[in-house]
Amino acid sequence: MGIHFGVDYYPEHWPKSRWETDVKLMKEMGVQVVRLAEFSWFKMEPNEGEFHFEWLEDAISLLDSYGIKAVLGTPTAAPPAWIIDKNPKIQPIDYQGRMRHFGGRHHDCQSNPVYRSHIKRFVTAMSQRFADNKGVIGWQIDNELGNSHYDLCMCDSCKTHFQKWLNNKYGSIEVLNEAWGTAFWSQGYNSFEQISTPLITAVGENPSAMLDWKCFCSDLIVDFAKWQADIIRQNCPNHFITHNYMCFDNKVDYYDLGKLLDFVSNDIYPAGNWQKQPHQPIDEIAASHDVVRGYKKQPFWIMEQQSSIAGWGTMGRAVEPGQMSAWAMQSVAHGADAVCFFRWRTCAMGTEQYWHGILGHSGNPGRTYYEAKELIGRFGSYMDELEGSMPNTEVAIVHSFRQNYALDIQPNHPQLKYVEHICKYYKGFFDRNVPVDFVQEMDDISKYKLVIAPLQYLMTPELEKHYIDYVANGGHLVLTMRTGVKDANNICMTDMELPGRLGEICGIEIPEYDCLFEKEGAILYEKREYPISKWADIITLKGARSIAEYSTSFYRQTPAITEYEYGEGMTWYVGTEPEEELMDELSSYLISKCNITTLGTSGSEVEMMTRENSHKQWLFVINHSNEEQVYSLNDRYIMLEGEKEGMLKPYEVQLFEKNIVKK
Ligand code: GAL
């Protein structure tokens with residue numbers, strides 16, 4: 001597409017007389033694209049059927065006259081007051097039965113038929129109006145679907161939709177009663193009409209019902225997006241359609257949503273006011289990029305890249321000189337073909353007055369502007385060739401929204417968090433400069449030298465076979481605690497000891513376990529003691545070899561981590577959640593056992609990542625700290641950008657290339 005750097009721009013927040021100054025500054029900075037209008041419904045339709053797209057057309061044609069293209073957002077995350085006033089039931093109901101009212105954003109129920117009809121009218125008009133506008137190249141549907149909809153919506157419309165969804169899935173109420181285990185606590189239903197959205201109960205919830213509810217909500221959001229995507233596809237066949245994701249957020253299954261889109265986009269705020277200060281650990285940001293690349297198995301856009309201080313009522317830390325560039329190039333290194341900075345100019349009004357942009361409130365170009373300009377000047381010329389390239393990965397981590405849902409419903413240990421747990425494995429490899437892919441459970445994993453499948457809590461016969469076949473055919477697989485506990489309906493398995501049929505490829509059985517509720521435990525690995533947390537599977541060896549044993553509690557000296565050769569391959573079972581030190585040892589061991597390529601050696605603030613096409617590999621080396629760093633590479637590359645191989649200045653980004661011959 002040839003478009004690589006942009007900004008999120010809100011011309012409607014500023015007098016028209018200022019627009020040309022903005023656009024000139026953008027042009028000088030190297031901006032090629034802007035995202036516009038995703039919260040501007042009222043400006044575009046102040047009364048029903050009274051469309052005012054002229055201001056947007058003026059902004060687009062001004063931008064286009066400077067060669068800057070536009071991505072239009074559909075403004076459906078903020079329906080205007082006149083729609084709400086006429087139809088208050090569009091506002092969502094939370095699980096305590098309270099309505100969430102107009103005055104912020106996301107005050108919409110996504111199943112509400114009246115709201116859907118307003119969307120149809122508006123998106124039809126908007127997409128028809130801009131279909132042939134030469135300044136427009138694509139669309140972003142809504143904004144961050146799932147954001148602010150955490151326990152929403154419990155209204156009557158959602159209830160009816162949920163009942164239909166269940167009827168469709170189960171066919172008869174008897175089948176549902178069986179699947180949900182409603183014999184427990186007299187929860188049986190006589191008909192689908194008796195089933196409600198999960199409102200607050202006196203105590204407890206049915207885990208099977210809750211799993212279906214979460215899957216229903218995800219399907220509803222996908223359907224909500226499809227409602228718009230279908231209209232835009234029909235009216236604007238030459239435009240792309242994307243959506244701005246939120247990393248690992250799990251309100252909607254992003255793999256499902258991705259099927260509607262030409263490509264996925266993501267929003268990334270490493271130093272938002274909610275982050276661990278001063279910024280999110282770099283491995284977590286890297287993992288977010290890698291999962292986003294995995295949602296469609298292709299490069300992506302960053303639709304919102306943090307550029308400066310982020311916050312609403314309170315603020316996060318100032319972004320240090322060079323830090324924004326390091327974050328932006330980290331996005332590129334992990335697969336972004338385009339990066340749009342949020343936002344062009346810091347807004348003077350509304351909730352986000354302190355969410356700073358490329359320009360401050362004054363609108364004068366300052367440190368952030370000049371840094372962005374320099375970044376685009378330095379790296380812009382490589383972006384065309386990089387477009388479409390992907391990393392060459394040997395390690396995959398399995399990621400699943402359903403496992404995440406099930407463990408949100410019953411975390412087993414109060415602090416067990418699905419994403420945090422799988423990212424502990426990620427960090428082990430990230431710290432050793434090993435590129436990692438995230439894959440879905442049933443994806444073809446045959447190309448990977450090592451597959452880590454943490455917390456395979458919900459199990460199906462197909463998934464068991466998938467893993468058994470992978471190992472039998474020479475794959476290396478890591479399985480962990482809480483594997484094979486439940487069936488697909490979130491009901492505990494009863495026919496075998498844990499980890500169920502997968503015990504066959506692990507060479508173990510787990511007749512007992514211990515939730516490390518109040519204190520941490522420890523294990524002995526290679527004669528050293530390491531802390532563990534959350535869980536201890538008490539393992540009986542059935543052919544496997546123990547490579548680490550517990551050193552605490554009544555099961556001390558029994559296996560905690562095991563290794564087993566099966567067929568042509570090998571399986572490891574980790575019966576606990578390793579802490580960082582142990583994860584370092586374990587990942588190093590797995591890297592050497594599976595002969596995995598590492599890109600080089602560096603401290604933890606330095607990141608290495610590659611992208612490659614059919615004939616070339618690019619290597620990014622990024623210093624995420626404000627101090628000088630040293631590193632060494634394991635292969636020979638030609639330096640394209642940077643001062644000295646092996647040395648990095650604070651926040652320096654270096655770029656290398658080498659030719660490759662694909663077998
Ligand atoms: C994002 C959102 C933007 C803006 C930004 C700052 O999550 O997509 O619209 O709100 O955060 O809060």
Side-chain angles (χ1 to χ4, degrees), residues 6-14 33-44 70-80 103-108 110 138-150 152 221 224-225 228 242-252 254 257 261 264-275 279-280 284-285 288-289 292 300-319 324 327-328 331 336 338-361 368:
V7 290
D8 302 301
Y9 182 40
Y10 302 90
E12 69 276 27
H13 295 171
W14 302 98
V33 67
V34 297
R35 184 198 56 186
L36 293 165
E38 80 281 8
F39 285 107
S40 310
W41 196 331
F42 184 65
K43 283 265 179 188
M44 294 187 273
V71 177
L72 297 179
T74 61
T76 49
R105 61 176 175 181
H106 298 289
H107 44 271
D108 59 305
Q110 294 181 334
W139 295 80
Q140 171 191 298
I141 292 173
D142 201 274
N143 190 77
E144 293 186 343
L145 288 162
N147 186 350
S148 323
H149 278 123
Y150 287 101
L152 307 173
I221 296 173
F224 180 84
Q228 306 191 27
T242 187
H243 176 69
N244 53 338
Y245 285 27
M246 295 176 286
C247 308
F248 279 100
D249 190 83
N250 72 5
K251 187 69 190 184
V252 53
Y254 282 146
L257 184 61
L261 309 174
V264 157
S265 298
N266 193 44
D267 295 349
I268 194 104
Y269 292 100
N273 60 336
W274 68 92
Q275 302 287 10
H279 63 80
Q280 197 181 2
E284 288 180 16
I285 313 169
S288 293
H289 291 311
V292 167
F300 52 92
W301 276 33
I302 296 291
M303 203 53 100
E304 298 179 17
Q305 172 89 50
Q306 179 170 1
S307 52
S308 187
I309 294 174
W312 282 7
T314 60
M315 287 177 253
R317 296 294 300 269
V319 178
M324 174 189 77
W327 288 335
S331 301
V339 175
C340 296
F341 293 100
F342 188 90
R343 51 178 56 219
W344 168 243
R345 180 172 175 183
T346 313
C347 194
M349 66 227 181
T351 312
E352 295 186 354
Q353 292 165 21
Y354 299 130
W355 205 287
H356 293 66
I358 293 282
L359 303 184
H361 285 125
T368 307

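In this text, all values refer to a predicted model and were calculated from it rather than measured experimentally. Atoms within a ligand are numbered from 1 in the order they appear, just like the ligands themselves.
Ligand 1 places these atoms under 4.0 Å from at least one heavy atom of D267: 8 (O). Close contacts of ligand 1 with N143, meaning ligand atoms under 4.0 Å from a residue heavy atom, involve 2 (C), 8 (O), 9 (O). Ligand-side atoms of ligand 1 in range of F342: 3 (C), 4 (C), 5 (C), 6 (C), range being under 4.0 angstrom from any heavy atom.
In this structure, a donor-acceptor pair under 3.5 Å is present between the side chains of T242 and S265. Side chains of Y10 and E352: a donor-acceptor N/O pair is absent below 3.5 angstrom, by distance only. A side-chain donor from one of N143 and N244 sits under 3.5 Å from a side-chain acceptor of the other.
Considering only non-hydrogen atoms, atom 9 (O) of ligand 1 lies nearest to R105 out of Q306, R35, Q140, R105.
Within the 4.0 Å heavy-atom cutoff, R343 does not count among the residues contacting ligand 1.
Here the protein heavy atom with the shortest distance to atom 11 (O) of ligand 1 is E304 OE1, 3.8 Å. For atom 7 (O) of ligand 1, the closest non-hydrogen atom on the protein side is E144 OE1, 2.5 Å. Ranking the protein heavy atoms by distance from atom 4 (C) of ligand 1 puts E352 OE2, 3.2 Å first.
By the 4.0 Å N-to-carboxylate-O rule, R343 lies too far from E304 to be salt-bridged with it.
Heavy atoms from other residues, nucleotides or ligands lying under 6.0 Å from CZ of F39 number more than 12.
Remark: the backbone N or O of D142 is paired with a side-chain donor or acceptor of T74 at under 3.5 angstrom.
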